[in-house]
> 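Sharing a structure below in structure tokens format, with a few things to ask.
Counting from 1, the numbers follow the sequence of the chain as shown.
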Amino acid sequence: MKKILNHKLILSLFFILLCNSNQLFAQLTSDALRYTTIRPLSTGRAAGLNGSVGGIGADFNAIGLNPAGLGLFRKSDFTITGFYQVSNVNSILTGDPGNISSERISDQFSLGGIGLVITSKPKFSKWSNFNFSMGLHQTAAFNQKFFFEGKSQGTILNRYLELARDNNYDDGRGIHKDDLDGFEAGLAYEVGAIYDIDPDPNKYVYSSDLAGYRTYQLPKSEFINESGKAQDFSLSFAGNYSEFVSMGLTLAMPFGSYNLERTYKEKEAKTDEVLPFKELEFNENVSSSYNGIQGRFGIIVKPVNSFRIGLSWHTPTYHWFSDQFTTSLSYTFKDTKGQESYERFSPDGYFTYRLTTPMKWIGSLAYVHKNGFINLDVDYYDPSRSKFNLTADTDNNAELIYQNQLNQDIKKQFKSVIQFRLGGEIALDKLRIRAGYGLLSSPYANVDDFSHSYSAGLGLRFKRVFLDLGYQLVNTEMGHIPFSTGNSDFNGDGKIDAVTSLATNTVNQNMLLATIGFKF
């Protein structure tokens, strides 16, 4: 089924292209966004309520949103949650009207959460409870696959040409062949994808077999396989004063991993149509792991017994990352000797850096009745305040220059986000019926669209044991850039030669969480 990319999303993506650096393994603005948008989803009850439990409390997931919810536990409990996610991605390359969408499905099973709550009741005090909890929250699941195939203008060869240029000169000359990076431009030179056309042995001017084919509808395809997850281990304390106000704090230690495997291909549309070019294949593998630290503070006030007002503040999160990466490039061309193919592999790359993601506010309103409740959570945070530190472990001036530009790009590309989540529960004796809805604003500066999420769930409550099952569906539309360029005009005619291709992904994430809990 054909799909047209929303014009606002296109504008946003082109804006990102203009701002992004051309380094492959230098960190990207999308990396900052990935770790800014995470949110605890670690119990079946919370999943059934679309994560809207900030004002209700007495749920392990609620502690991850507002630690004051810990003070509303009446009994100690232990919960364990299984998490299962199915991601369905429809991807289409923009460009040729004949391009069609391709669907890929991936799934992931993991431990969604495990939590222990210990309650205590002080004697001869107006404090109703002093409670402690510890446990593990899952905050994001990264498993996702997608594939596109079609025709569009642009080639990754232009990216290699840009990477090979020497920015110290304005005449288009390139870096010495021995100084080209070993992950993209260097590989491209070694396999003949780019080559020196200047007869001066002391000067390099690079070109490619597709130079001059700016408007050519080049067939291309890409397969991406992402995996990993984000979690945090937390220690929380809370007190409930006279059933009027509950206050809590959390020390959270986030950690996780993200893995990327991708294969990108280009080929001629018709046999010998753009000689000497025939085809190329670029492969990339990235493995990233991190740990961090964050504080959370919260309060829940009950002006009357049935009404609750909650507010929590999450401090900025400080992350320490370690990345490992490799690439390979194969290239096939046809010359006077016939058809030739070459393949080269990069060395093993390793890089450490730091990332600070912004603080977050969560406000909650809840109405509680003996037959159920309804809760509204409003999240506010500003992804444009994320900041990389690439020079903590190096004195490399190039990294410092890229770090400054990257942080400026983050400020330009993103905006503050407001998210609304509404959840409700009906109590029928031991049975609980739940449903929820979410309205999530886009973090991109030039996009005003909203994503939607829907949920439903069931629960059973017994004297010592409870069971919860929750389902959540999140629909989003995201742009994907298979290769980024600086939109260079190589021949000086005033037209962009380094055209970048765009794809759009329509993502449906289906999450099922099942919790078993024990009260004691």
> Using distance alone, with no hydrogens and no angle criterion, decide if S287 and N259 have a side-chain donor and acceptor under 3.5 Å apart.
yes
> Just by distance, no angles: are the side chains of T391 and Q403 close enough, under 3.5 Å, to form a donor-acceptor pair?
yes
> For the residue pair F147 and F223, does the interplanar ring angle fall in the parallel (under 30°), tilted (30 to 60°) or perpendicular (over 60°) class?
tilted
> Please work out whether the ring planes of Y454 and Y437 are parallel, tilted or perpendicular, with thresholds of 30° and 60°.
tilted
> Do we see a donor-acceptor contact under 3.5 Å between the side chains of Y471 and N510?
yes
> Would you please say whether a donor-acceptor pair under 3.5 Å links the side chains of S52 and N50?
no
> Could you please spell out the steps behind the side chain to side chain contact (heavy atoms under 4.5 Å, CB included) verdict for K145 and E226?
CA-CA 6 Å; K145 297 178 182 178; E226 298 174 293; over 6 Å; no
> Do the side chains of L280 and F277 get nearer than 4.5 Å, heavy atoms only?
yes
> Where do Q144 and V89 land on the side chain to side chain contact (heavy atoms under 4.5 Å, CB included) test, with the steps shown first?
CA-CA 8 Å; Q144 183 173 278; V89 184; 3.6 Å; yes
> Find the distance between CG (D107) and CG (L512) and round it off to the nearest 0.5 Å.
12.0 Å
> In chain order, what residues pass the salt bridge (Lys or Arg N to Asp or Glu O under 4.0 Å) check against E190, with sequence neighbours excluded?
R344
> Any Lys/Arg nitrogen of R421 or D379 sitting under 4.0 Å from an Asp/Glu carboxylate oxygen of the other?
yes
> Does the plane of the ring in Y84 sit parallel, tilted or perpendicular to the ring in F109? Use 30° and 60° as the thresholds.
tilted
> Roughly how far, to the nearest 0.5 Å, is CZ of F450 from CG of L439?
5.0 Å
> Mind checking salt bridge (Lys or Arg N to Asp or Glu O under 4.0 Å) for D179 and listing every partner two or more places apart, or none if nothing turns up?
none
> To the nearest 0.5 Å, how far apart are CG in L163 and CD1 in I156?
9.0 Å
> Taking the side chain as every heavy atom from C-beta outward, state whether F60 and S42 have any pair of such atoms under 4.5 Å apart.
yes
> Working to the nearest 0.5 angstrom, can you tell me the gap between M253 CE and Q294 CD?
11.0 Å
> Under the side-chain contact (heavy atoms from CB on, under 4.5 Å) test, which residues partner R354, sequence neighbours left out?
W320, N389, A392, D393
> Should we count CG of D178 as having more than 12 external heavy atoms under 6.0 Å?
yes
> Below 4.5 Å, heavy atoms only, C-beta onward: do T29 and L406 meet side chain to side chain?
yes
> Does either side chain, that of T476 or that of S451, offer a donor lying less than 3.5 Å from an acceptor on the other one?
no
> With rounding to the nearest 0.5 Å, note down the distance linking CG in N508 to CG in N475.
4.5 Å
> Do F325 and F183 come within less than 4.5 Å of each other through their side chains, counting heavy atoms only?
yes
> Parallel, tilted or perpendicular: which describes the rings of F388 and Y353, with under 30° parallel and over 60° perpendicular?
tilted
> Do N283 and E281 have a side chain donor and acceptor closer than 3.5 Å?
yes
> Under a 3.5 Å cutoff, is there a donor and acceptor pairing between the side chains of Q153 and Y213?
no
> Within the structure provided, determine whether I293 and L251 are in side-chain contact (heavy-atom separation under 4.5 Å).
yes
> Does the side chain of N505 come under 3.5 Å of the side chain of S91 through a donor N or O and an acceptor N or O?
yes
> Does one side chain, of T352 or S322, offer a donor that lies under 3.5 Å from an acceptor on the other?
no
> Taking the side chain as every heavy atom from C-beta outward, state whether T500 and N487 have any atom pair closer than 4.5 Å.
yes
> Would I362 and H314 count as a side chain to side chain contact (heavy atoms under 4.5 Å, CB included) if you check the C-alpha gap in whole Å, the side-chain angles of each, and the deciding distance to 0.1 Å?
CA-CA 8 Å; I362 302 177; H314 297 193; 4.0 Å; yes
> Going by atom types alone, do S442 and D449 pair a side-chain donor with an acceptor below 3.5 Å?
no
> With a 4.0 Å cut-off, would you call E266 and K220 a salt bridge?
no
> Report yes if the side chains of Y206 and L180 come closer than 4.5 Å at any heavy-atom pair, otherwise no.
yes
> Evaluate the criterion ring-ring contact (aromatic ring centres under 6.0 Å, His included) for residue pair Y342 and Y331; output intermediate values, then yes/no.
CA-CA 5 Å; Y342 296 94; Y331 189 71; 9.0 Å; no
> Using side chain to side chain contact (heavy atoms under 4.5 Å, CB included), reason through N90 and F146 one step at a time and then give a plain yes or no.
CA-CA 7 Å; N90 277 280; F146 64 88; over 6 Å; no
> Under a 3.5 Å cutoff, is there a donor and acceptor pairing between the side chains of T485 and N158?
no
> Taking everything shown except D395 itself, do over 12 heavy atoms lie less than 6.0 Å from its CG?
no
> One thing to verify: whether R214 and D493 come together as a salt bridge, which I'm taking to mean a side-chain N less than 4.0 angstrom from a carboxylate O.
no
> Atom NZ of residue position K267 - does it have more than 12 heavy atoms of other residues, nucleotides or ligands inside 6.0 Å?
no
> Is R262 salt-bridged to E222, cutoff N-O under 4.0 Å?
yes
> So, N88 and E103: side-chain donor and acceptor under 3.5 Å apart, yes or no?
yes
> Please examine the side chains of S87 and S106, heavy atoms only from C-beta on, and report whether any two atoms are closer than 4.5 Å.
yes
> Between N168 and D166, does any side-chain donor sit less than 3.5 Å from a side-chain acceptor?
yes
> Do we see a donor-acceptor contact under 3.5 Å between the side chains of T43 and T515?
no
> For Q472 and S455, does a side-chain donor sit closer than 3.5 Å to a side-chain acceptor?
no
> Between K415 (side chain only) and V447 (backbone N and O only), is there a donor and an acceptor less than 3.5 Å apart?
yes
> Is R296 paired with D232 through a side-chain N to carboxylate O contact shorter than 4.0 Å?
yes
> So, is the end of the K360 side chain (NZ or CZ) under 6.0 Å from the ring centre of Y381 and within 45° of the ring's axis?
yes
> State, without any angle test, whether S386 and T36 hold a side-chain donor-acceptor pair at a distance under 3.5 Å.
yes
> So, taking the atom named CG in D31 and the one named NE2 in H319, what distance separates them when rounded to the nearest 0.5 Å?
11.5 Å
> Distance only, no hydrogens: is a donor on one side chain within 3.5 Å (strictly under) of an acceptor on the other, for Q138 and S110?
yes
> Looking at R39 and D377, does any basic side-chain N land under 4.0 Å from a carboxylate oxygen?
yes
> For R173, does the CZ atom sit with more than 12 other heavy atoms under 6.0 Å from it, leaving out its own atoms?
yes
> Do S488 and E162 have side-chain atoms, one donor and one acceptor, less than 3.5 Å apart?
yes
> Can you classify the ring geometry of F142 versus Y258 as parallel (below 30°), tilted (30 to 60°) or perpendicular (above 60°)?
perpendicular
